Amino acid sequence: MCSIFQITCDGALFNRCLDCFLGEAAYISKLQDNLDALETELGRLIAAKNDVMMRVVNAERQQMRRREGVQQWVSRVDAVKTGADELITDGSEEIGKLCVGGYCSKNCRSSYKFGKQVAKKLQDVKTLIAEGVFEAVATEVVPERAPEPVADKRPIEPTIVGLQSQLEQVWRCLVVEESVGIIGLYGMGGVGKTTLLTRINNKFLESQNNFDCVIWVVVSKDLRLEKIQDDIGKKIGLSDDSWKNKSVEEKAVDILRRLREKRFVLLLDDIWERVDLTEVGIPLPSPQNTTSKVVFTTRFIDVCGSMESHRKFEVACLSEEDAWELFREKVGQETLESDHEIVELAQTVAKECGGLPLALITIGRAMAYRKKAEQWRRAIEELRRSASEFAGLGKEVYPLLKFSYDSLQNDTIRSCFLYCCLYPEDYDILKWDLIDCWIGEGFLGESDRFGAENQGYDILDTLVRACLLEEVEDDKVKMHDVIRDMALWITGEIEKEKRNFLVCAGAGLNEAPDVKGWENVRRLSLMQNQIETLSEVPTCPHLLTLFLDFNEDVEMIADGFFQFMPSLKVLKMSNCGKSWSNFQLPVGMSELGSSLELLDISHTSIRELPEELKKLVNLKCLNLRRTELLNKIPRQLISNSSRLRVLRMLGTGWFNFHGAPEDSVLFGGGEVLIQELLGLKYLEVLELTLGSYHALQILLSSNKLKSCIRSLLLHLARDTTSVIDATAFADLNHLNELWIDRAKELELLKIDYTEIVRKRREPFVFRSLHCVTIHICQKLKDTTFLVFAPNLKSLSLFHCGAMEEIISVGKFAEVPEMMGHISPFENLRLLRLSHLPNLKSIYWKPLPFTHLKEMVVRGCDQLEKLPLDSNSAKERKFVIRGEEDWWNRLQWEDEATQIAFRSCFQPRS
């Protein structure tokens with residue numbers, strides 16, 4: 001009644017089935033082993049990839065091209081790594097499902113599937129390891145352009161004492177120790193942190209490394225993420241106007257996208273609090289992410305913790321031996337040998353500096369010409385006496401720095417020095433702007449007609465030599481941040497009653513501090529903020545100086561704002577108000593009539609000056625520079641200011657100069673203005689805009705006005721003059737800046753070369769001329785007169801359609817004795833040539849361009865040869881910007897010269 005179901009199977013079939021079952025079971029039983037092997041082999045693969053990529057980077061830095069097979073292998077490695085990382089991460093969960101000693105699973109189907117994936121991935125990794133042995137990773141190619149330098153070389157003193165050991169330690173962290181991503185350098189102000197960071201920056205240009213770019217950012221006390229982003233953006237190609245207008249968050253996304261593709265080093269100088277690198281857009285360095293590094297300097301060890309630095313180094317004061325070496329270098333051997341007692345006394349002074357480099361340098365230079373032993377004994381007494389009077393930071397640093405302040409020759413120079421702390425930290429101060437303020441304050445004497453300006457420059461030289469100011473360029477200075485802190489400390493603690501400064505410069509304020517706190521203030525600086533309104537009327541009976549410069553968001557200043565400032569001498573409102581908006585002075589400016597001595601409303605969009613300004617009869621300095629929209633200046637306003645010493649009107653009324661109303665001194669191309677100027681007895685500095693050649697001739701007929709001219713803009717849009725005698729400019733001995741604008745009929749800037757060469761002992765007749773700009777002079781063919789301007793630093797030629805030569809060889813040939821004696825542009829820093837369609841030559845033979853920093857060429861299609869040769873290329877570090885097509889058409893002395901200058905070229909659209 002039952003049936004039997006029988007299966008028969010031969011031995012071969014049974015063995016195949018058994019092998020299949022055991023093989024599938026092995027995916028489960030060997031899961032743990034395979035996961036461990038996968039993790040090990042993956043590590044080997046990544047190490048192999050890193051070795052290959054290092055070879056690739058080195059090859060690409062030598063202008064070689066990565067092989068396609070290498071790139072494909074790297075891409076496959078990245079894909080396999082992603083999958084392997086996921087399997088390793090999920091492995092612990094799958095292991096947890098195993099039972100029976102790992103030979104079975106609570107979910108056999110899931111474990112089998114996962115185990116099979118692990119085994120497959122393990123085989124893929126082993127295959128890639130085997131394939132990753134490349135005899136060559138790149139092929140040689142002829143580069144289209146030289147690579148950008150990894151870092152921008154930063155200036156530094158040639159001899160630096162006591163930092164070599166720390167430099168080597170930090171460098172090892174950057175290029176060897178992959179686990180170190182963030183490095184903090186901390187120490188007191190003036191100890192050499194910035195110097196060390198500068199040496200690190202420059203070492204990237206001197207030593208082999210694998211980084212794509214090094215980014216330098218000065219952070220300073222008033223932290224602004226947007227400024228940091230903008231500095232980074234300039235280095236990585238994110239600096240156009242549309243990007244600048246983006247929000248902090250949007251900029252962060254763009255920066256992150258760019259930097260993820262690079263191996264970079266970010267150098268942050270002088271941070272006072274935690275900088276949120278994520279908010280900036282910086283991919284955070286970590287032991288897992290070794291493609292980037294961050295190095296920062298700070299005065300506080302706590303910041304190293306808040307920045308989560310992987311390593312920190314204290315930049316300590318110098319050892320006694322190194323301190324003496326540095327101090328001896330600054331004092332000079334001649335002084336040390338001038339008296340047999342001085343060496344021992346100098347060693348005592350060096351010890352009093354406590355090894356602080358800034359103090360050693362500052363005091364060493366201050367003592368450099370004190371060649372009597374008694375002077376050194378007094379110096380020791382003063383140092384010891386002042387150092388014992390103050391606690392905390394003042395006890396350790398400021399008294400040492402204050403020694404240089406105390407050593408200044410008189411109170412005038414000391415007052416001039418303290419005045420500099422009204423400017424923001426790390427601010428480049430224009431020398432002439434600072435001197436104007438000193439004149440307005442009454443610091444500078446009035447005994448000589450030209451005494452005030454000259455005295456100002458002498459004081460600046462004194463402060464630079466004393467290391468209390470740093471010279472940035474020929475026309476700018478700045479305060480070291482520690483020196484500025486010391487100056488603020490002096491005004492707030494040492495001479496509080498006498499000075500009483502309130503400085504909020506560059507503090508990021510959206511509104512002014514409470515005016516109730518201004519009552520006893522003598523000098524108030526609110527410059528470089530984002531203040532929108534000044535709606536309250538303050539009472540400031542003692543206020544002498546008010547800086548409101550660079551508050552570009554200010555929309556309203558209350559009428560009567562200056563009503564209760566009876567002592568105000570200096571009022572600076574430069575760069576106030578939004579561009580092109582109608583900036584207006586508040587009603588009530590006449591209240592300052594008896595006191596105000598400096599009014600600066602330069603770089604504003606003001607359209608007319610109110611009649612009430614005629615009451616400012618005690619003005620010494622009036623700055624209207626680059627007020628291009630201003631065309632209404634009431635007659636007698638300037639002549640009423642009989643004490644005027646400085647008048648700056650370069651670019652005043654430029655946009656509508658010839659539309660000035662009859663009751664404006666600008667009417668008639670400036671002839672009315674010149675008549676008013678002739679009555680100013682004390683005038684010594686004059687910047688002027690004139691609208692006709694006739695007005696210029698009237699100016700040149702006055703020896704008094706010729707001696708005052710510093711800057712001159714000729715706006716000749718309605719002038720029919722075809723020839724201007726440039727020889728006349730030779731009598732303007734102090735002319736620094738010359739602009740010729742819209743001289744549509746001007747064909748020739750005439751100069752009698754024969755008379756200059758043969759009748760004058762000194763052929764260089766334009767010695768003071770530093771800047772020349774010629775704009776829309778369509779018939780002008782050359783500017784040969786510039787060969788007689790040996791100190792020219794900036795030359796800009798725009799939209800001159802007939803310009804064929806910058807310096808004409810034909811005109812030089814008229815005076816053959818000049819051919820071998822003059823080499824123009826020896827001091828030129830900047831050369832800009834734009835839309836000169838017929839320009840064929842800058843100069844007929846190569847020039848060394850010893851000081852050139854930048855040459856910009858645009859719209860000069862017939863300029864096929866630059867005055868450059870192999871000698872010009874030697875150790876020259878300037879940039880050439882221009883269109884790629886123009887660059888490719890240039891003719892060169894030889895291929896080597898072309899290649900040398902290719903690294904200087906930066907294409908622009």
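What you are looking at is a predicted structure, and each value in this text was computed from that prediction instead of being measured.
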Main chain of S594, side chain of N618: is a donor-acceptor contact present, judged purely on distance under 3.5 Å?
yes

Going by side chain to side chain donor-acceptor pair (under 3.5 Å), R648 matches just one of D433, N623, D436, T627. Which one?
D436

Would you call the rings of F729 and F785 parallel, tilted or perpendicular, where under 30° means parallel and over 60° means perpendicular?
tilted

Please find the pair of heavy atoms, one from A346 and one from L336, that lie closest to each other, and give the distance.
CB-CD2, 3.8 Å

Atom CG of L418 and atom CG of L488: how far apart are they, to the nearest 0.5 Å?
9.0 Å

Determine, step by step, whether Y419 and V570 satisfy the side chain to side chain contact (heavy atoms under 4.5 Å, CB included) criterion, reporting the C-alpha distance in whole Å, the side-chain angles of both residues, the deciding distance to 0.1 Å, and the verdict.
CA-CA 12 Å; Y419 206 88; V570 174; 3.7 Å; yes

Per side chain to side chain contact (heavy atoms under 4.5 Å, CB included), L712 is matched among L735, N736, T689 by L735

Check the pair L792 / V772 against side chain to side chain contact (heavy atoms under 4.5 Å, CB included), numbers first and verdict last.
CA-CA 8 Å; L792 190 68; V772 172; 3.7 Å; yes

With a 4.5 Å cut-off on side-chain heavy atoms, are K478 and L469 touching?
no

Donor-acceptor side-chain pairing of E826 and T850 below 3.5 angstrom:
no

Heavy-atom distance under 4.5 Å between the side chains of Y405 and I490, does that happen here?
yes

Is a side-chain donor or acceptor of T604 paired with a backbone partner of C576 at a separation under 3.5 angstrom?
no

Passing candidate, salt bridge (Lys or Arg N to Asp or Glu O under 4.0 Å) with R710, options E684, E453, E687
E453

Taking all non-hydrogen atoms of both residues, which atom of K620 and which atom of G442 are closest, and how far apart?
NZ-CA, 4.2 Å

Donor-acceptor pair, distance only, cut-off 3.5 Å: does the side chain of N631 make one with the backbone of L666?
no

So, for C540 and P566, which heavy atoms are closest and what is the spacing to 0.1 Å?
O-CD, 3.9 Å

Checking T362 side chain against L358 main chain: does a donor-acceptor pair fall under 3.5 Å?
yes

Rounded to the nearest 0.5 Å, how far does NE2 of H851 lie from CG of N827?
4.5 Å

Kindly indicate whether the side chain of R523, heavy atoms from C-beta on, has any atom under 4.5 Å from the side chain of L422.
yes

Are K853 and F878 in a cation-pi setup, meaning NZ or CZ lies under 6.0 angstrom from the ring centre and within 45 degrees of the ring axis?
no

Looking at S641 and L644, would you say the former's side chain and the latter's main chain have a donor-acceptor pair under 3.5 Å?
no

Are the side chains of H542 and N500 in touch, meaning some heavy atoms are under 4.5 Å apart?
no

Heavy-atom closest pair (G440 atom, C621 atom, distance to 0.1 Å) is N-SG, 4.4 Å

Set out, in order, the CA-CA distance, both residues' side-chain angles and the distance that settles side chain to side chain contact (heavy atoms under 4.5 Å, CB included) for F417 and I483, then state yes or no.
CA-CA 10 Å; F417 164 70; I483 298 289; 3.7 Å; yes

Counting only heavy atoms not in K706 (residues, nucleotides, ligands), do more than 12 fall under 6.0 Å from its NZ?
yes

Decide yes or no on side chain to side chain contact (heavy atoms under 4.5 Å, CB included) for R625 and T652, but give the supporting numbers first.
CA-CA 6 Å; R625 186 180 171 94; T652 299; over 6 Å; no

Hey, does W438 have a side-chain heavy atom less than 4.5 Å from the side chain of S415?
no

Salt bridge (charged side-chain N to carboxylate O under 4.0 Å, His left out) evaluation trace for K614 with E612
CA-CA 5 Å; K614 289 182 179 180; E612 67 171 322; over 6 Å; no

Can you name the one residue among N410, D411, T412 that meets side chain to side chain donor-acceptor pair (under 3.5 Å) with R414?
D411

With rounding to the nearest 0.5 angstrom, report the CE to CZ distance, M573 to F583.
3.5 Å

Under 4.0 Å between a Lys/Arg side-chain N and an Asp/Glu carboxylate O for K793 and D474?
yes

Does E676 use its side chain to pair, donor to acceptor, with the backbone of V672 at less than 3.5 Å?
no

With no hydrogens and no angle check, is any side-chain donor or acceptor of N791 less than 3.5 Å from a backbone partner on R767?
yes

At what distance, to the nearest 0.5 angstrom, does CD of Q697 lie from OG of S702?
14.0 Å

Atom OH of residue position Y457 - does it have more than 12 heavy atoms of other residues, nucleotides or ligands inside 6.0 Å?
yes

Is there a side chain to side chain donor-acceptor pair (under 3.5 Å) between H770 and E737 once you walk through the steps?
CA-CA 6 Å; H770 290 166; E737 207 171 358; over 6 Å; no

Is a side-chain N or O of Q455 found less than 3.5 angstrom from the main chain of L444, in a donor-acceptor match?
no

Might you point out which heavy atoms bring P790 and F788 nearest each other, and give the distance in Å?
CD-O, 3.3 Å

Determine, stepwise, if the pair D549 / K572 fulfils salt bridge (charged side-chain N to carboxylate O under 4.0 Å, His left out).
CA-CA 6 Å; D549 313 52; K572 287 177 60 62; 3.3 Å; yes

Between the side chains of W654 and D741, does any donor sit under 3.5 Å from an acceptor?
yes

Student check: side-chain heavy atoms of F825 and V787 closer than 4.5 Å:
no

Straight-line distance of E471 CD to K476 NZ, nearest 0.5 Å
12.5 Å

Hey, could you give me the CG/CG distance between L678 and L680, rounded to the nearest 0.5 Å?
8.5 Å

Any non-hydrogen side-chain atom of I709 less than 4.5 Å from a side-chain atom of N733?
no

Please report the closest heavy-atom contact between I698 and E671, naming both atoms and the distance.
CD1-CG, 4.0 Å

Under 3.5 Å donor-acceptor, S525 side chain and C504 backbone:
no

Indicate yes or no: at least one non-hydrogen side-chain atom of L596 is less than 4.5 angstrom from one of L619.
yes

Does T773 offer a backbone N or O that forms a donor-acceptor pair with the side chain of R832 under 3.5 Å?
no

After noting the C-alpha distance and the side-chain angles of K371 and E334, does the key distance pass the salt bridge (charged side-chain N to carboxylate O under 4.0 Å, His left out) rule?
CA-CA 9 Å; K371 299 183 178 181; E334 180 183 347; 2.8 Å; yes

